[in-house]
Amino acid sequence: MSSSALISNIQGYSIHDGPGIRTTVFLKGCPLRCKWCANPENLTDSVRVGFVANNCKGCGHCAEACPEGAIIPGEVRRIDRTRCTSCCACVEACYYGALVRYGEEMSVEQVFDKVRRDKMFYDTSGGGVTVSGGEPLVHADFVAELFRLCKDEGIGTCVETCGCVARSALEKVLPLTDVFYYDLKIPDGAKHREYTGQSNELILANARFLTESGAKMLFRQPLIPGVNSSEEDVRATAEFIRSLNRPDIALQLMPYHRMGTAKYAALDEEYSLEALEIMPGEEVETIRALYESLGVLCSVSK
Ligand code: SF4
Ligand code: SF4
Ligand code: SF4
C-alpha cells in the first residue's frame with residue numbers, strides 16, 4: 001500500500017520554490033519552531049482549524065454543527081481549543097470561509113495526480129514539483145514514493161528542507177531529488193536553539209553530508225533583523241559555507257516579512273515577532289554585498 005500524509009496545500013504555478021514553473025506540495029509537521037515562521041498551520045502533523053474573524057457573518061451554523069460544544073458564538077477566539085477535536089464539522093457548515101481546515105490526508109497517488117496535470121508547464125520552463133512544509137522530510141517515505149513517480153514521468157523534483165532531519169531521511173530522497181533548497185538559519189548554536197527550538201548541529205552536519213554527496217543545492221537564509229543580520233553572523237555563515245568547498249552553491253537571502261501573522265490570529269496563537277521592523281532594502285543589499293565580498297555567491301529572493 002502506498003504512503004499517505006497530511007497535506008495543507010498544493011500550489012500550482014509557483015515560481016519561487018525551485019527552477020521554472022512548479023507545483024509546491026506543503027506537508028504538515030516540522031521539528032523546528034522558528035519564531036518568524038510564516039506557516040504556523042504546518043507545524044503540527046495533525047489537522048488544525050482556523051477562524052478568520054473578518055469573514056464571519058454570525059449565522060451560527062458552526063455552533064449548531066459542532067458535536068463537542070466547542071464553538072463560542074460571538075467570541076473572537078471562536079473555538080474552545082480544549083474541547084475541539086478538529087473534526088471539521090464546523091468548517092463544512094460555514095458557507096463564508098470563516099472556518100478553515102489546515103490538513104487533508106492524501107495518498108501519494110492523489111498528490112501525483114494533481115502534480116502531473118501541469119507537466120506541460122514543467123516541460124516548457126524546466127520546472128517540476130517541490131515539496132515544502134513544515135518540513136517535508138518528516139514524511140521521507142511519502143516524498144520518495146512521490147518523487148519516484150515523478151521521475152518515471154520525467155518531472156523535475158526539489159526539496160525545501162530545514163535540514164533538521166534524520167540522515168536516513170536525506171538518504172531516501174537523495175537519488176530522486178534534482179535540487180535541495182536548504183535553510184541555514186543562524187550560525188550560532190545557542191541562538192539557533194533560542195529562536196528555532198533546536199540546536200543547529202544536525203543541520204550543519206546534514207549540509208556537509210549533502211554537499212559532499214555532490215547534491216545540487218541552494219542555501220537559503222531567512223534574514224531576520226537583529227537575529228542573524230550582524231556582521232559577525234554573516235561572517236560565521238560565510239565561513240561555514242566556504243568550508244564546504246562547493247563554490248557553486250549560492251546563498252539566497254529571504255528578508256523577514258510578516259505575511260503569516262493572520263494565520264497566527266486564526267489559530268489563536270501569539271506571534272512573538274510582531275514588533276520587529278522590516279529591514280530596508282539598502283540594508284539587505286549591504287548584507288548581500290558582504291556575503292559576496294566573503295566569497296559566497298549571494299542573491300535576494302523576490
Ligand atoms: S458558520 Fe461561519 S459565518 Fe456562520 S457564525 Fe460560524 S464562522 Fe461565522
Ligand atoms: S473542528 Fe469539530 S470539534 Fe472543533 S470546533 Fe469545529 S466542529 Fe467543533
Ligand atoms: S523550519 Fe520552516 S516551517 Fe519549520 S518552523 Fe521554521 S520556518 Fe516554520
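We use all heavy atoms of the structure for the numbers below, so side chains are in, but hydrogens, waters and symmetry mates are not. Remember, it's 1-based here, ligands and their atoms both numbered in the order they're listed.
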Please lay out, stage by stage, how K151 and D178 fare under the test salt bridge (charged side-chain N to carboxylate O under 4.0 Å, His left out).
CA-CA 10 Å; K151 285 281 147 201; D178 294 330; 2.6 Å; yes

Regarding [X] and [Y], do their side chains bring together a donor and an acceptor under 3.5 Å, going by distance alone?
| X | Y | result |
| --- | --- | --- |
| K263 | N39 | yes |
| E105 | S4 | yes |
| T130 | S132 | no |
| R208 | S243 | yes |
| D141 | S3 | no |

Side chain, backbone, both or neither: V49 near ligand 2, heavy atoms under 4.0 Å
side chain

For ligand 2, the portion of D80 having any non-hydrogen atom under 4.0 Å away
neither

Side chain to side chain, Y256 and L276, heavy atoms closer than 4.5 Å
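A side-chain contact exists here, since the closest heavy-atom pair is under 4.5 Å.
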
Would you indicate whether the side-chain heavy atoms of L170 and F209 approach each other to under 4.5 Å?
yes

Does L253 offer a backbone N or O that forms a donor-acceptor pair with the side chain of Q221 under 3.5 Å?
no

Mutual orientation of the aromatic rings belonging to Y271 and Y264 [parallel < 30°, tilted 30-60°, perpendicular > 60°]
tilted

Proximal atoms of ligand 1 relative to [X] (non-hydrogen, under 4.0 Å):
| X | answer |
| --- | --- |
| K57 | 3 (S), 8 (Fe) |
| Y96 | 3 (S) |
| L99 | 7 (S) |
| F51 | 7 (S) |
| G58 | 5 (S), 8 (Fe) |
| C56 | 3 (S), 5 (S), 7 (S), 8 (Fe) |

Got the closest protein heavy atom to [atom], with its distance?
| atom | value |
| --- | --- |
| atom 6 (Fe) of ligand 3 | C34 SG, 2.4 Å |
| atom 4 (Fe) of ligand 1 | C59 SG, 2.3 Å |
| atom 1 (S) of ligand 2 | C88 N, 3.2 Å |
| atom 8 (Fe) of ligand 2 | C66 SG, 2.3 Å |
| atom 3 (S) of ligand 3 | G134 N, 3.5 Å |
| atom 2 (Fe) of ligand 1 | C94 SG, 2.4 Å |

Only heavy atoms of [X], strictly under 4.0 Å: list the atoms of ligand 2 that pass.
| X | value |
| --- | --- |
| C87 | 1 (S), 2 (Fe), 3 (S), 7 (S) |
| T85 | 3 (S), 4 (Fe) |
| E68 | 3 (S) |
| I71 | 5 (S) |

Scan for ring-ring contact (aromatic ring centres under 6.0 Å, His included) pairs involving residues 105-163, sequence neighbours excluded, and state none if there are none.
Y13-F121

Tell me, please, which residues at least two apart from R167 pass side-chain hydrogen bond (donor to acceptor under 3.5 Å, both in side chains).
N206

At less than 4.0 angstrom from any non-hydrogen atom of L43, what atoms of ligand 3 do you find?
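What qualifies from ligand 3 is 5 (S), 8 (Fe).
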
Which ligand 3 atoms are under 4.0 Å away from a heavy-atom of C162?
1 (S)

Proximity of A98 to ligand 1 by residue part, where a heavy atom lies under 4.0 Å
side chain

Part of K185 with heavy atoms under 4.0 Å of ligand 3, whether side chain, backbone, both or neither:
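Under 4.0 Å from ligand 3, K185 contributes side-chain atoms alone.
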
Quick check on atom 8 (Fe) of ligand 1: does C62 put an N/O/S atom closer than 2.8 Å to it?
no

Applying salt bridge (charged side-chain N to carboxylate O under 4.0 Å, His left out), run through E270 and R77 and close with a yes or a no.
CA-CA 12 Å; E270 302 304 325; R77 294 201 166 200; 3.2 Å; yes

List the steps, then state whether salt bridge (charged side-chain N to carboxylate O under 4.0 Å, His left out) holds for D123 with K119.
CA-CA 6 Å; D123 289 347; K119 182 164 189 307; 2.9 Å; yes

Give a yes or no on this: more than 12 heavy atoms of other residues, nucleotides or ligands lie within 6.0 Å of atom CD of E232.
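Atom CD in E232 is not packed in, count stays at 12 or less.
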
Any heavy atom of N42 sitting closer than 4.0 Å to ligand 3?
no

Heavy-atom contact under 4.0 Å between A65 and ligand 2?
no

Are any N, O or S atoms from C90 nearer to atom 6 (Fe) of ligand 2 than 2.8 Å?
yes

